[in-house]
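Structure, as structure tokens:
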Number of protein chains: 2
Amino acid sequence: MTLQDAKIGFKDCSDCPIRHRAVCARCETNELELLEKIKYYRSYEAGQTVVWSGDQMDFVASVVTGIAALTQTMEDGRTQMVGLLLPSDFVGRPGRNVAPYDVTATTNLMMCCFRKKPFEEMMQATPHIAQRLLEMTLDELDAAREWMLLLGRKTAREKIASLLMIIARREASLNVSADSDVRVFDLPLTREAMANYLGLTLETVSRQISALRKDGVIMLEGKRHVTVPDFQRLQDETGDDSDGGMLF
Amino acid sequence: MTLQDAKIGFKDCSDCPIRHRAVCARCETNELELLEKIKYYRSYEAGQTVVWSGDQMDFVASVVTGIAALTQTMEDGRTQMVGLLLPSDFVGRPGRNVAPYDVTATTNLMMCCFRKKPFEEMMQATPHIAQRLLEMTLDELDAAREWMLLLGRKTAREKIASLLMIIARREASLNVSADSDVRVFDLPLTREAMANYLGLTLETVSRQISALRKDGVIMLEGKRHVTVPDFQRLQDETGDDSDGGMLF
DNA sequence: TGGAAAATTTGATCTGTGTCAAAGAGACAT
DNA sequence: ATGTCTCTTTGACACAGATCAAATTTTCCA
């Protein structure tokens with residue numbers, strides 16, 4: 001599966017969480033009809049909370065547009081982002097009733113939701129859905145583990161570069177055409193959200209972005225629009241192997 | 001499912017990765033026979049590598065005895081543990097050919113392995129296995145995300161206390177009987193392994209353990225044998241909510 | 001049982017990131 | 001346009017944890 005495939009998958013069937021991430025070929029008509037019946041859309045404004053940690057969560061969903069964040073917060077307010085959901089990403093878990101972390105809309109957000117009970121029933125009836133969800137969950141686990149390396153061992157500069165790479169790769173697959181070295185994208189996160197993603201303070205995030213700009217690794221128009229003149233150069237700043245960890 | 005159940009599950013059918021973690025009830029005879037045919041055991045000495053990141057991994061397995069660690073290493077040698085496998089834990093992924101991280105034996109290790117091809121065929125044939133693996137993977141994802149909070153936001157002391165709690169909970173379920181406040185267990189990790197787990201240096205790990213000892217939170221006999229006189233006291237040091245995050 | 005190698009502890013010092021504070025820049029409503 | 005509010009940048013300083021070094025304890029093999 002390539003990102004290109006995923007994009008097509010998303011565009012062609014934007015309301016099926018299983019089809020999302022490029023499994024169109026395996027979805028059959030009667031399943032789609034079933035999904036039609038149990039689906040509904042929900043919109044959230046930037047900053048709104050979708051579910052609170054510990055709350056009942058009676059639906060599963062996939063992101064249609066916008067960005068959502070999964071966060072965990074300690075009693076004294078320290079918060080760590082533990083998941084970043086971009087369009088086509090899936091959220092919620094069959095077999096669990098209670099959300100283990102806060103889900104909040106980072107930007108304006110539209111999600112396609114499915115009530116959990118019927119969704120689970122469909123899972124029982126059509127085995128390949130569980131297999132597909134397993135695959136998606138394993139991908140998420142891989143991402144979480146790469147994130148753990150970032151949190152535990154990378155410097156602030158490497159963390160910023162890594163985050164920019166992640167966003168560049170995701171957004172680039174949606175926006176840009178050429179496979180040239182130059183990449184252009186918008187930062188969909190505030191400095192504070194980036195800090196919560198990276199386990200830093202927002203001041204450190206700001207300083208490191210300034211440093212990368214001064215060193216010519218990135219260019220900024222306004223606070224959000226990023227141009228990467230040399231993608232390899234940014235890659236080198238992440239501390240990751242040059243093959244980008246995309247080896248499976 | 002309680003930890004007590006898991007213990008029984010492990011003892012009664014130590015060679016079935018699906019039965020492990022207390023799903024005995026759903027395993028049927030013909031599946032067990034199939035598993036018999038494709039299973040084999042492998043042993044590793046402490047320190048040995050089971051698979052290298054990027055290598056072919058043509059089996060899935062579950063830990064019978066000992067401890068294994070999943071680690072990621074950067075080019076310059078910085079390493080971060082991203083998974084800790086205790087007895088009954090599952091490793092490997094149907095649908096993936098290449099290991100995304102190193103798997104090494106932390107102690108002497110025995111694993112019960114299943115060649116991947118036939119295991120996958122069995123998954124196709126018996127849908128509830130994929131569902132069970134999905135559930136297990138979601139548990140792992142939750143653990144990974146709690147770990148991310150630890151790596152990103154906790155102090156060194158909180159990190160140590162959290163790790164001790166995790167081990168105490170797991171080991172206690174195997175060793176101790178009473179639900180008293182006192183817990184006794186062996187630390188199965190070197191200071192270096194703990195440091196790699198927590199995103200610290202081994203010196204900091206040593207210092208913080210000394211500090212917890214001096215403050216009476218833990219007692220040490222030798223370097224490995226730990227006594228926790230007041231479990232709640234240790235819990236308070238972790239920074240976690242008092243309910244222990246076990247709310248699902 | 002002795003002795004070398006490995007693991008751990010402890011000390012001294014350094015440094016990257018956090019903390020606190022204030023000034024600048026954008027976004028938006030009136 | 002003007003002012004208010006939020007987000008971002010920048011500065012000065014503090015401190016938790018890293019680094020470098022050495023002493024001590026444990027392990028384990030001869």
Side-chain angles (χ1 to χ4, degrees), chain A residues 45-48 69 74 76-80 106-108 150-164 186-215 218-226 237 239, chain B residues 45-48 69 74 76-80 106-108 150-164 186-215 218-226 237 239:
Chain A
E45 312 247 302
Q48 268 193 298
M74 296 170 69
D76 61 4
R78 283 175 281 174
T79 84
Q80 174 66 50
T106 294
T107 63
N108 289 342
L150 178 150
L151 289 171
R153 294 303 188 193
K154 288 190 178 179
T155 65
R157 176 183 260 245
E158 287 169 339
K159 286 178 174 182
I160 298 286
S162 300
L163 176 56
L164 292 176
D186 284 320
L187 264 184
L189 301 177
T190 65
R191 299 290 183 261
E192 189 184 24
M194 293 174 74
N196 287 338
Y197 185 107
L198 300 170
L200 298 171
T201 60
L202 64 90
E203 292 95 332
T204 300
V205 169
S206 179
R207 274 187 250 272
Q208 295 297 335
I209 289 180
S210 296
L212 287 174
R213 183 167 44 66
K214 210 178 314 180
D215 296 349
I218 60 172
M219 281 136 65
L220 286 176
E221 260 175 278
K223 302 301 170 197
R224 294 298 181 82
H225 194 73
V226 180
E237 295 280 356
Chain B
E45 310 249 301
Q48 268 192 301
M74 296 170 69
D76 62 4
R78 283 175 281 173
T79 83
Q80 175 65 51
T106 293
T107 63
N108 289 344
L150 178 149
L151 290 171
R153 295 303 188 194
K154 288 190 179 178
T155 65
R157 177 184 259 245
E158 287 169 339
K159 286 178 174 183
I160 298 286
S162 301
L163 176 56
L164 292 176
D186 284 319
L187 263 184
L189 300 176
T190 65
R191 298 293 182 259
E192 189 185 23
M194 294 173 74
N196 288 338
Y197 185 108
L198 300 170
L200 297 171
T201 60
L202 64 91
E203 291 95 332
T204 298
V205 169
S206 179
R207 274 186 251 272
Q208 295 297 336
I209 288 180
S210 296
L212 287 175
R213 182 168 44 67
K214 209 178 315 180
D215 295 348
I218 59 173
M219 282 138 66
L220 287 176
E221 260 175 279
K223 301 301 168 196
R224 293 298 180 82
H225 194 73
V226 180
E237 295 280 355

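Because the structure is predicted, anything quoted here is derived from the model rather than measured. Below, read A as the first sequence line, B as the second, and so on, with proteins coming before strands; counting in each chain starts at 1.
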So what does B:Arg78 hit on the nucleic acid, given a heavy-atom distance under 4.0 Å: a base, only sugar-phosphate, or nothing? nothing
By nearest-heavy-atom nucleotide on DNA chain C, the more 5' of A:Glu203 and A:Lys154 is A:Lys154
All heavy atoms of B:Thr106 vs all of B:Ala46, minimum pair found to be O-CB, 3.8 Å
Whole-Å distance, B:Arg191 CZ to C:dT9 C1', equals 9 Å
Rounded to whole Å, the CG-P distance (B:Leu187 to D:dT26) equals 15 Å
Quiz item: Is the closest side-chain heavy-atom distance between B:Glu158 and A:Arg78 below 4.5 Å?
Solution: yes
task: Flag yes if more than 12 heavy atoms outside B:Gln48 fall under 6.0 Å of its CD atom; otherwise flag no.
output: yes
With a 4.0 Å limit, can you tell me whether B:Thr190 has a side-chain N or O closer than that to the phosphate oxygens OP1/OP2 of C:dA7?
no
Has B:Arg207 got a side-chain N or O lying under 4.0 Å from the OP1 or OP2 atom of D:dA18?
-> no
Open item on the list: For a quick check of understanding: with a heavy-atom distance under 4.0 Å over all strands, which category does A:Gly47 fall into, base, sugar-phosphate or nothing?
Closed with: nothing
Return no unless some side-chain N or O of A:Thr204 is found under 4.0 Å from OP1 or OP2 of C:dG18. yes
Checking D:dT9, D:dT8, C:dG18 against the side chain of A:Leu200 (C-beta onward), the nearest is C:dG18
When rounded to whole Å, the CD1 to P distance for the pair A:Ile209 and D:dT10 reads 11 Å
B:Glu221 atom CD is separated from D:dT25 atom P, nearest whole Å, by 17 Å
To the nearest angstrom, the CG-P distance between A:Leu198 and C:dG16 comes to 18 Å
5'-most contact on DNA chain D (nearest-nucleotide basis), A:Val205 vs A:Arg153, goes to A:Val205
Here the distance between atom C1' of D:dT25 and atom CG of B:Leu220, to the nearest Å, is 13 Å
Looking only at atom types and distance, does a side-chain atom of B:Arg153 sit under 3.5 Å from a main-chain N or O of A:Thr79, one as donor and one as acceptor?
yes
Check: A:Val226 main-chain N/O paired with A:Glu221 side-chain donor or acceptor under 3.5 Å
no
Between CZ of B:Arg224 and P of D:dT25 the distance, given in whole Å, is 18 Å
(message) Is the phosphate of C:dT10 approached by B:Ser206 (side-chain N or O, under 4.0 Å from OP1 or OP2)?
(response) no
Picking from D:dT19, C:dT17, C:dT9, the nucleotide nearest the side-chain atoms of B:Thr201 would be D:dT19
Note: for A:Lys223 and A:Thr155 on DNA chain C, the residue whose nearest nucleotide lies more 5' is A:Thr155
From CG of A:Leu202 across to C1' of D:dT6 the rounded distance in Å is 12 Å
